[in-house]
Colleague: 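Got a structure for you, questions after.
Just so it is clear, the values below take in all heavy atoms, side chains as well, and ignore hydrogens, waters and symmetry mates. Reminder, nothing fancy here: chain letters follow the sequence lines and each chain counts from 1. Since we're looking at a predicted model, the values are computed, not measured.
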Protein chains: 2
Amino acid sequence: MYNKLSGWDDTIAAIATPPGIGAIGVLRLSGDQSFEIVQKLFPSKKLKDQPANTLHVGFLKEGETVLDEVVISLFKKPSSYTGEDVIEISCHGSPFVQQQVLGALIRNGARLAKAGEFTQRAFLNKKLDLAQAEAVGDLIASNTKASQNAALKNMRGGFSNVLKDLREELIKFSSLIELELDFSEEDVEFADRHQFSLLIDKISRTVQQLLESFKLGNVIKNGVSVAIVGKPNAGKSTLLNTLLNENRAIVSEIAGTTRDTIEETININGILFRLIDTAGIREHSQDIIENMGVVKSKEKIRQADIVLYLFDINEMSKDELKRTVNELLTQKTNLILVANKADLFNKEVHKYLANEIFISAQQQTGIEELKNTLFAMAGGEGINYENVVVTNARHYSALSEVAKSLNEIKVAMANNISGDLLSIDINRCLHYLGEITGEITNEDRLDYIFSKFCIGK
Amino acid sequence: MYNKLSGWDDTIAAIATPPGIGAIGVLRLSGDQSFEIVQKLFPSKKLKDQPANTLHVGFLKEGETVLDEVVISLFKKPSSYTGEDVIEISCHGSPFVQQQVLGALIRNGARLAKAGEFTQRAFLNKKLDLAQAEAVGDLIASNTKASQNAALKNMRGGFSNVLKDLREELIKFSSLIELELDFSEEDVEFADRHQFSLLIDKISRTVQQLLESFKLGNVIKNGVSVAIVGKPNAGKSTLLNTLLNENRAIVSEIAGTTRDTIEETININGILFRLIDTAGIREHSQDIIENMGVVKSKEKIRQADIVLYLFDINEMSKDELKRTVNELLTQKTNLILVANKADLFNKEVHKYLANEIFISAQQQTGIEELKNTLFAMAGGEGINYENVVVTNARHYSALSEVAKSLNEIKVAMANNISGDLLSIDINRCLHYLGEITGEITNEDRLDYIFSKFCIGK
């Protein structure tokens, strides 16, 4: 199948570091001609004669024109990221210089790499399975401790190994059943039906656990959206600032993930929460009645994973609060009630609804409890860095098909269905298991999966 | 002097690649403890035992926490960029992962590098002189063939070598003259005054050439600003688009240097022209009279290097054109007259002022001539990739001081001034020559020079 993939025997090149000005920029080549192409530009050493995994400093020249002084890293097949001959060129971090070098590589025989093509080649050369390759993409996109961890675990094969073991056991049974078909006249049973039924139960349990982990996996990978709603003077902006200020150090620490580009985000114990201040929406709208705020934010409430309803405890009557909460609960059950300005609340504290959190956004009291509640509601307590978590929608969908075919196998077995029909169900199950790790795949799907990567990876 | 510099015996670390998401990101450490610090995070190999200039793949771990799978490049002193032990860590291109790795390096004993500190250390360890170090910064900032070339030439020591040779010859004479002072009772003359006078003339000529090259050097380094002025219907926007469209391939080829971030720029034969459409300014202003456009753009005209006056040849009378041109010439002598819509101009073509360029922005005729004129007016024809060009304002200012002291030496010699006074003038001259390459310097000035670099270089 692999040799059908067009143009993967040529040598590809790309800039691998982010665009923009930096101290250094790295270009990467992979393919049989990597050494030959770079040699034409790097006169000071005979690259083929150098050992693998070595570094070489020198000038990159195209004809008489000096392009840059660079450091070249040599990796030889099969011990490289892609499994092919790979050269990395570390040049000065001017986008212009990098483009000049890339241009020279192309002029000397390299082809511009497509997005994800280096990792795709690593997959095709069996350096990584498909789930591991996808984890590389997830790792690059990771922006919290939890997403980094889940990606690293999958990149190291955690998820793949679980599936491979199950698949191998299933293949063993499958071949025994197919053997029965060869002897179908004789009515033998090579595959112990009781053992098989135990295996199917075991696989079902694992698949079920993995499917259930996807909710958390999605939280880990994509974060949690929180709509902050409440009347104009409830203190939403102050709360937002309090939450953000406490996290400013963490946020600004991460270059390139500034708050401007996405929504306002905070990182609680490794989970990213995207805070949506619905106040902003109302205030810019023309046809607003301030007191109808909650109703107006319906759309945002519907879209959010969690709704945080903030109210001024000194201004809100028990009756009004109850009405509002009932209305909100028709929209979303993931509701957190937050009583603000609790420091000004001089009467004996009585809980209106038994589950509100008392804070003072101004005095910064109760904020820890609020954060813990957000974390718990997002399922954060289920994060166990030892467990394998499904974070990829493609994997989730394939696992759902696996679960379906497992059920069909169970029904078939309960009905004492014949080996040849059972075999069809088992093959369906094997097919979907194999799709996740890439044992079963097709060219178009591969191209789609890798096209979501960045160029140079 | 060098040991007075505070904190340059510790080990520094920084992210060296541009911020943002890419396939890979590179972190860099330099200092005596580089190997020790990375070893704490890289359990799979004994780094000290590995040869210099080798690459090593493995997991980076802080305690039990896996940070990333990385490739480590080892460079040992003195054969490294900084002259110290240097390690580069190539990790996955997630800003979050890079920050995690950087954090781990800091927690294990590295200090966050200041801007330019790697190059500053290279200078302090005599891997580069100051002019070469500055050229590294220029190379990173380079965005045209010409600026890349000038920076590369200076990085390789072209400029420094010219100055060093002159300085050495001058030092030789200076020491002979100082020797005379030791024998001042005896009235001897070790330093041949005629030879000395020839040397001073030679140095003067070179310094003069270098000073004159700065105008071009400035053009190469900073580009040329062109104010496009003209009445509202003269076709300024069409011209701008025509110029930009033709260059779109070149511009968009350069990742990170999009037209949004700076003004609209075009690259003509390696020189960057920044086009300022003064129309925009007028149209957004409140107190405008359309026909006073030219007057209104005075400020922009004053600031621009070149003024391009565009007029509709079918609408402009000879008289009006003359008045306008005379007015413009009082502001700026670098004036290019461009007669637009020349394709609609059916009368016999007669040149109003003998030097206008006839174009049709719509039909894209005459654009090449216009570009050649812009290039010539910017002094582009003086670009000779073999010549050393001064591109740095600090160097220009030091060279001006050198020229001044050379004149003083000439005057002193003409007046047969005594050796001890001559010696003062020579030392002044040597001082300013030495300042350029960093033989003479001080800590504050160094910090200032390197602070303009990016972090990680």
Side-chain angles (χ1 to χ4, degrees), chain A residues 14-26 28 52-57 59 65-69 71 73-75 81 88 90 92-100 103 118 136 139-145 147-149 152-153 155-156 253-257 385 453-457, chain B residues 14-26 28 52-57 59 65-69 71 73-75 81 88 90 92-100 103 118 136 139-145 147-149 152-153 155-156 253-257 385 453-457:
Chain A
I15 297 172
T17 41
I21 292 180
I24 63 174
V26 179
R28 185 181 254 188
N53 305 322
T54 54
L55 295 156
H56 306 274
V57 184
F59 283 97
T65 310
V66 176
L67 297 172
D68 197 3
E69 188 174 16
V71 179
S73 306
L74 304 179
F75 303 89
Y81 179 66
E88 286 183 1
S90 175
H92 284 90
S94 146
F96 182 80
V97 170
Q98 291 168 45
Q99 279 297 333
Q100 298 285 108
F118 289 89
V136 171
L139 182 59
I140 287 173
S142 71
N143 52 9
T144 61
K145 194 73 205 149
S147 57
Q148 177 193 15
N149 235 290
L152 272 168
K153 185 168 245 9
M155 205 177 83
R156 298 171 75 187
E253 216 181 75
I254 307 167
T257 59
Y385 289 127
F453 276 60
C454 47
I455 302 261
K457 193 68 212 181
Chain B
I15 296 172
T17 41
I21 292 181
I24 62 174
V26 179
R28 186 181 255 189
N53 305 322
T54 54
L55 295 155
H56 306 274
V57 184
F59 283 96
T65 310
V66 176
L67 297 173
D68 197 3
E69 188 174 16
V71 178
S73 305
L74 304 179
F75 303 90
Y81 179 67
E88 287 183 1
S90 175
H92 284 89
S94 145
F96 182 80
V97 170
Q98 290 168 45
Q99 279 298 332
Q100 297 286 108
F118 289 90
V136 171
L139 182 59
I140 288 174
S142 71
N143 51 10
T144 61
K145 195 74 205 148
S147 56
Q148 176 193 17
N149 235 290
L152 271 167
K153 185 169 250 358
M155 205 177 83
R156 298 171 74 188
E253 216 180 76
I254 306 167
T257 60
Y385 290 126
F453 276 60
C454 47
I455 301 264
K457 192 70 212 180

Colleague: Any idea which of B:Gly25, B:Ala14, B:Ala23, B:Gly456 has the most non-hydrogen atom pairs under 4.5 angstrom with chain A?
Modeller: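 Of B:Gly25, B:Ala14, B:Ala23, B:Gly456, B:Ala23 has the most heavy-atom pairs under 4.5 Å with chain A.
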Colleague: Quick one: closest heavy-atom pair of A:Gly22 and B:Pro18, and the distance?
Modeller: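 What the structure gives for the nearest pair is N-CG, 3.8 Å.
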Colleague: Considering all heavy atoms of both residues, which atom of B:Val71 and which atom of A:Phe75 are nearest to each other, and what is their separation?
Modeller: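 Heavy-atom minimum between the residues: CG1-CZ, 4.0 Å.
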Colleague: What part of B:Leu67 is in contact with chain A, defined as an atom under 4.5 angstrom from a non-hydrogen atom: side chain, backbone, both or neither?
Modeller: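 Answer is both: backbone and side chain atoms of B:Leu67 are under 4.5 Å from chain A.
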Colleague: With a 4.5 Å limit on heavy-atom distance, are the side chains of A:Val66 and B:Arg156 in contact?
Modeller: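 Yes, side chains in contact.
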Colleague: To the nearest 0.5 Å, how far apart are CD in B:Glu69 and OH in A:Tyr81?
Modeller: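 Going from the CD atom of B:Glu69 to the OH atom of A:Tyr81 covers 9.0 Å.
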Colleague: Counting only non-hydrogen atoms closer than 4.5 Å, does A:Ser147 touch chain B with its backbone (N, CA, C, O), its side chain (CB onward), both, or neither?
Modeller: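 Neither; nothing under 4.5 Å.
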Colleague: To the nearest 0.5 Å, how far apart are CD in B:Gln148 and CG in A:Asp68?
Modeller: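 Answer rounded to 0.5 Å: 7.0 Å.
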Colleague: With rounding to the nearest 0.5 Å, note down the distance linking CD1 in B:Ile21 to OG1 in A:Thr17.
Modeller: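 Result: 14.0 Å between the selected atoms.
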Colleague: Can you give me the closest heavy-atom contact between B:Ser73 and A:Leu55, atom names plus distance?
Modeller: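 So the minimum-distance heavy-atom pair works out to CB-CD1, 3.5 Å.
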Colleague: Are the side chains of B:Ile24 and A:Arg28 in contact, using a 4.5 Å heavy-atom criterion?
Modeller: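 The answer is yes; the side chains approach within 4.5 Å.
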Colleague: If I measure from the heavy atoms of chain B, does A:Val26 come under 4.5 Å with its side chain, its backbone, both, or neither?
Modeller: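 When you check distances to chain B, only side chain atoms of A:Val26 fall under 4.5 Å.
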Colleague: Do you know which two heavy atoms are closest between A:Ser94 and B:Ser142, and how far apart they sit?
Modeller: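 Of all heavy-atom pairs spanning A:Ser94 and B:Ser142, the closest is OG-O, 2.8 Å.
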Colleague: Name the region of A:Phe118, side chain, backbone, both or neither, that has any atom closer than 4.5 Å to a heavy atom of chain B.
Modeller: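 Neither part.
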Colleague: Test A:Lys457 against B:His92 for side chain to side chain contact (heavy atoms under 4.5 Å, CB included), laying out the working first.
Modeller: CA-CA 9 Å; A:Lys457 193 68 212 181; B:His92 284 89; 3.5 Å; yes
Colleague: Measuring from B:Leu152:CG to A:Thr65:OG1, what's the distance to the nearest 0.5 Å?
Modeller: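 Interatomic distance, B:Leu152 CG to A:Thr65 OG1, rounded to 0.5 Å: 10.5 Å.
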